[in-house]
Amino acid sequence: MADVAVAAGMARATVYRYFPNREALLEALGRAAVDEAGERLQAGRLQEIPVPDAFERAVRALVAVGDYFVVVSRESTRPDPEDYERRVAAPLRELVERAQSLGEMRDDLPASWLMESLIGIVVSGLQMRPSLGVEDTVAGITSLFLDGAGLRADVPG
């Protein structure tokens, strides 16, 4: 809470007026992150564009939410799991499923597993963003995910 107060430029007592404890603060951050991520994913019209472009837009949407997305990505801090599922997880999973059905992504792994892997890469990338910059972060995350989730070439035995 002290770090939040410093970052917000206010006294610690002021933060406690709005948030009685750390859990209340994390819940509020989680709600804000789900709202923003959901709005950005919907605005990205992921279902209307080619798969690689859709993944880039999805990553850009999550990176734009920034540190709040890191907070909400942790299962224990998701304020409303159903809202998170509907607004964040479902659009990403549907994108993976579309890529798999078009033969543009490996289908030997469940779509939900690939979706959670994408979220994990985004969270890791967000921690590096200050040194990489937003565009390099988006490009790095997108290519890392698509290269790993792409179709595997048959390797002779």
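Quick note: residue numbers are just sequence positions, from 1. Every value quoted in this text rests on a predicted model; they were computed, and no experiment measured them.
With respect to L62, the side-chain contact (heavy atoms from CB on, under 4.5 Å) criterion is satisfied by exactly one of L92, V70, I121: L92.
In this structure, the separation between CD on Q47 and CD on E94 is 8.5 Å, given to the nearest 0.5 Å. For the atom pair R98 CZ and E104 CD, the distance stands at 7.5 Å (nearest 0.5 Å). Here R31 contributes atom CZ and D83 contributes atom CG; the two are 10.5 Å apart, rounded to the nearest 0.5 Å. Separation of atoms CG (D53) and CZ (R45) is listed at 11.5 Å; rounding is to 0.5 Å. To the nearest 0.5 Å, atoms CD (E27) and CG (D80) are separated by 9.0 Å.
Between G148 and R106, the shortest heavy-atom contact is O-NH1, 3.4 Å. A pairwise comparison of heavy atoms in A54 and L95 identifies CB-CD1, 3.5 Å as the closest pair. Taking both residues in full, the closest heavy atoms of G44 and R57 are given as O-NH1, 2.8 Å, listed atom of the first, atom of the second, then distance. In terms of heavy-atom proximity, A28 sits nearest to F19 at CB-CE2, 3.4 Å. Among all heavy-atom pairs drawn from A99 and V51, the shortest one is CB-CG1, 3.6 Å. Minimum interatomic distance between L41 and R87 (heavy atoms only, all atoms of both residues): CD1-O, 3.8 Å.
The closest donor-acceptor contact from the side chain of T142 to the backbone of A139 lies at 3.5 Å or more, if one exists at all. Under the 3.5 Å distance criterion, the side-chain polar atoms of Q100 are matched with a main-chain donor or acceptor of L109.
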(message) Using side chain to side chain contact (heavy atoms under 4.5 Å, CB included), reason through L126 and V122 one step at a time and then give a plain yes or no.
(response) CA-CA 6 Å; L126 283 170; V122 169; 4.0 Å; yes

(request) Take E56 and R60 through the salt bridge (charged side-chain N to carboxylate O under 4.0 Å, His left out) test and state the conclusion after the steps. (result) CA-CA 6 Å; E56 184 174 339; R60 183 171 279 109; 3.3 Å; yes

(request) Before giving the answer on side chain to side chain contact (heavy atoms under 4.5 Å, CB included), spell out for V59 and L118 the whole-Å C-alpha distance, their side-chain angles and the decisive distance to 0.1 Å. (result) CA-CA 8 Å; V59 169; L118 175 60; 3.9 Å; yes

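Between E82 and R86 there is no salt bridge, since no side-chain nitrogen of the basic residue lies less than 4.0 Å from a carboxylate oxygen of the acidic one.
Listed by first and then second residue, the ring-ring contact (aromatic ring centres under 6.0 Å, His included) pairs involving residues 29-56 are F55-F145 (not counting sequence neighbours).
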